[in-house]
Undergrad: 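One structure is given below, represented as structure tokens, and several questions about it will come after.
Values below: all heavy atoms of this structure, side chains included; hydrogens, waters and symmetry mates excluded. Below, chains carry the letters A, B, ... as their sequence lines are ordered, and counting in each starts from 1. Keep in mind that this is a model prediction, so the values were computed, not measured.
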2 protein chains.
Amino acid sequence: MQTATTEQAPTELKLSGNRKAVYMLMQQQQRALSAYEIIDLLRPQIGRIIHPMLVYRCLDFLLEKQLVVKLVSVNKFVALPNDLTEPGQCLICEICQAVTFSASSNPLQQQKRKIAATGFKLNQQPVEFHGICASCQKDHTE
Amino acid sequence: MQTATTEQAPTELKLSGNRKAVYMLMQQQQRALSAYEIIDLLRPQIGRIIHPMLVYRCLDFLLEKQLVVKLVSVNKFVALPNDLTEPGQCLICEICQAVTFSASSNPLQQQKRKIAATGFKLNQQPVEFHGICASCQKDHTE
DNA sequence: TCGTGATATGTTATATTATCACAATTCGTG
DNA sequence: CACGAATTGTGATAATATAACATATCACGA
């Protein structure tokens, strides 16, 4: 099993074999994936049985390094877009499962400041909004 | 198995036996409960094996009628406080699991309007914020 | 280069949350 | 009362996640 320096991760973070495979897969897919989807997608690449634990461990690491983010409402994981240093919010379509990230807008930052003022210490994790995207609204008006 | 008219539900909605038991339990507990916690708490009352399916069905119904809300990030369900017609947001403490609801504040409503203006049709469900409550911050500064 | 502690990985088992599908019972209305 | 709709009972399975033990690999200092 080779150890390779990753070309994709910021600040030259070294990723071991498995972790790199998982991360690159997530970057390629460009969508939110459940752990089991990752397992299924990885299987052809690795040519060996993939235990869930393998993937969860990799994800734990990638989460810790903030290379990926977990969408806690849908139990999916997604590689952070490279141009987005702070995923303040995301919109999750219930129909097509598309996920759209964006940085915190002013009202959301205001909201977070209000919450902080109550003494509640917020985590750094995107605020998740659920609904139906414009495309699916069109598709489902028939 | 008796059919009883519920005294607690708004607009005289009739709840069947199981559904009433689940709903009343949730109201009594006044905290967010996982389905399995509900099962464990119900067992003494019902005196029969409780299948998860029973509870999930009841929850599905109660969710549909908007008597309870699901905290999707923590897979828990909570009876809506009676004085809160619109649970706009909730704060979830990662340490003690306390959940605090409140109506949408102005910035959050603003945020929702911005999102709606993009064409994304938001669901009616609370926005969940994660962090550490003031109490747990005190307890954990030792 | 070797040894060792730290880290990563392999493996088995289990926990937690949720849904599917079929059957039986109860409810409500004509 | 009959019948269709709704509710419930039951067994099985799916999806997500973690615990625990063992082994292998990596990195660093001597």
Side-chain angles (χ1 to χ4, degrees), chain A residues 1-6 9 12-23 25-26 32-43 45-65 67-78 92 94 97 128, chain B residues 1-6 9 12-23 25-26 32-43 45-65 67-78 92 94 97 128:
Chain A
M1 182 61 76
Q2 287 176 313
T3 301
T5 306
T6 181
E12 306 303 322
L13 178 66
K14 281 181 185 278
L15 292 179
S16 64
N18 285 347
R19 289 171 182 170
K20 185 180 176 188
V22 169
Y23 184 57
L25 173 77
M26 291 173 77
L33 300 166
S34 72
Y36 282 78
E37 282 174 281
I38 293 170
I39 290 167
D40 289 342
L41 289 165
L42 262 184
R43 199 170 274 128
Q45 292 185 34
I46 292 202
R48 177 177 24 100
I49 293 189
I50 306 198
H51 290 273
M53 196 71 230
L54 183 155
V55 167
Y56 280 110
R57 282 205 193 109
C58 294
L59 288 171
D60 285 345
F61 179 84
L62 296 171
L63 283 167
E64 187 196 314
K65 301 302 176 194
L67 297 181
V68 306
V69 72
K70 180 175 184 183
L71 303 179
V72 293
S73 59
V74 290
N75 294 313
K76 295 193 180 212
F77 303 83
V78 61
I92 303 170
E94 295 187 327
Q97 308 296 323
E128 299 173 21
Chain B
M1 181 60 74
Q2 286 176 316
T3 300
T5 305
T6 182
E12 307 302 324
L13 178 66
K14 280 180 185 285
L15 292 179
S16 62
N18 285 347
R19 290 172 181 171
K20 184 179 175 186
V22 169
Y23 184 56
L25 173 77
M26 293 173 75
L33 300 165
S34 72
Y36 281 78
E37 280 174 281
I38 293 170
I39 290 166
D40 289 342
L41 290 166
L42 262 184
R43 199 169 277 128
Q45 291 185 35
I46 292 202
R48 175 177 25 101
I49 292 188
I50 307 198
H51 288 272
M53 198 67 230
L54 180 155
V55 168
Y56 281 109
R57 281 203 193 113
C58 293
L59 289 170
D60 285 345
F61 179 84
L62 296 172
L63 283 167
E64 187 195 319
K65 302 300 175 192
L67 298 181
V68 306
V69 71
K70 179 176 183 181
L71 304 179
V72 292
S73 59
V74 290
N75 295 311
K76 292 191 182 216
F77 303 84
V78 62
I92 302 170
E94 296 187 328
Q97 309 297 322
E128 298 172 22

Undergrad: What's the CG-C1' distance between A/Asn18 and D/dT25, to the nearest Å?
TA: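 So the CG-C1' distance, A/Asn18 to D/dT25, works out to 12 Å.
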Undergrad: What's the separation between atom CG in B/Leu33 and atom CZ in B/Phe77, rounded to the nearest 0.5 Å?
TA: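 Here the interatomic distance stands at 10.0 Å.
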Undergrad: B/Asp60: which residues meet the salt bridge (charged side-chain N to carboxylate O under 4.0 Å, His left out) condition with it, sequence neighbours left out?
TA: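 Once residues adjacent in sequence are excluded, B/Asp60 has no partner under the salt bridge (charged side-chain N to carboxylate O under 4.0 Å, His left out) criterion.
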Undergrad: Applying salt bridge (charged side-chain N to carboxylate O under 4.0 Å, His left out), name anything that partners B/Glu37, two or more places apart in sequence or on another chain.
TA: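 B/Glu37 satisfies salt bridge (charged side-chain N to carboxylate O under 4.0 Å, His left out) with B/Arg31, B/Lys76 only.
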Undergrad: Is A/Ser16 close enough to C/dT9 that one of its side-chain N or O atoms is under 4.0 Å from OP1 or OP2 there?
TA: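 Looking at the OP1 and OP2 atoms of C/dT9, one of them is under 4.0 Å from a side-chain N or O of A/Ser16.
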Undergrad: Generate the contact string for nucleotides 11-24 of chain C. Rules: B means base contact, S means sugar-phosphate contact only, - means no protein heavy atom under 4.0 Å.
TA: BB----BBBBB---
Undergrad: What is the separation between atom CG on A/Leu63 and atom C1' on D/dA17, rounded to the nearest whole Å?
TA: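 Spelled out: CG on A/Leu63 to C1' on D/dA17 is 13 Å.
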Undergrad: A/Lys14 NZ to D/dT25 C1': how many Å, rounded?
TA: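 Interatomic distance, NZ of A/Lys14 to C1' of D/dT25: 14 Å.
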Undergrad: Taking atom P of C/dT26 as reference, at what distance in whole Å does atom CZ of B/Arg19 sit?
TA: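 In whole Å, C/dT26 P and B/Arg19 CZ are 16 Å from each other.
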Undergrad: Could you work out, with salt bridge (charged side-chain N to carboxylate O under 4.0 Å, His left out) as the rule, every residue matching A/Arg57, not counting sequence neighbours?
TA: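 With neighbours one apart ignored, the set is empty.
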Undergrad: Does the A/Gln97 side chain pair with the main chain of A/Ile92, one donor and one acceptor, at a distance under 3.5 Å?
TA: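 No, because the side chain of A/Gln97 does not come within donor-acceptor range (under 3.5 Å) of the backbone of A/Ile92.
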Undergrad: At what distance, to the nearest 0.5 angstrom, does CG of A/Leu42 lie from CD1 of A/Ile50?
TA: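 CD1 of A/Ile50 is found 4.5 Å from CG of A/Leu42.
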Undergrad: Applying side chain to side chain donor-acceptor pair (under 3.5 Å), can you list everything that pairs with B/Glu94, at least two apart in sequence or on another chain?
TA: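 Listed in chain order: A/Asn123.
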Undergrad: Starting from the first five and the last five pairs of the helix from C/dT1-D/dA30 to C/dG30-D/dC1, work out the angle between the resulting helix axes, to 10 degrees.
TA: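 Axis-to-axis angle, ends of the helix: 20°.
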Undergrad: Over how many whole Å does the gap from A/Asp40 atom CG to D/dA15 atom P extend?
TA: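 A/Asp40 atom CG is separated from D/dA15 atom P by 9 Å.
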Undergrad: Quick one: A/Leu33 CG to D/dA17 P, roughly how many Å, whole number?
TA: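 After rounding, the gap between these two atoms is 13 Å.
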Undergrad: Apply side chain to side chain donor-acceptor pair (under 3.5 Å) to B/Gln45 and list each qualifying residue two or more places apart in sequence or on a separate chain.
TA: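 With sequence neighbours excluded, B/Gln45 shows a side chain to side chain donor-acceptor pair (under 3.5 Å) to no residue whatsoever.
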Undergrad: Please give, in whole Å, the distance from C/dA8 P to A/Leu59 CG?
TA: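 Between P of C/dA8 and CG of A/Leu59: 15 Å.
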Undergrad: Please give, in whole Å, the distance from D/dA15 P to A/Ile38 CD1?
TA: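 Interatomic distance, CD1 of A/Ile38 to P of D/dA15: 15 Å.
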Undergrad: Can you sort out the partners of A/Phe61 under side-chain contact (heavy atoms from CB on, under 4.5 Å), two or more places apart, ordered by chain and number?
TA: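 Here the qualifying residues are A/Leu13, A/Leu15, A/Arg19, A/Lys65.
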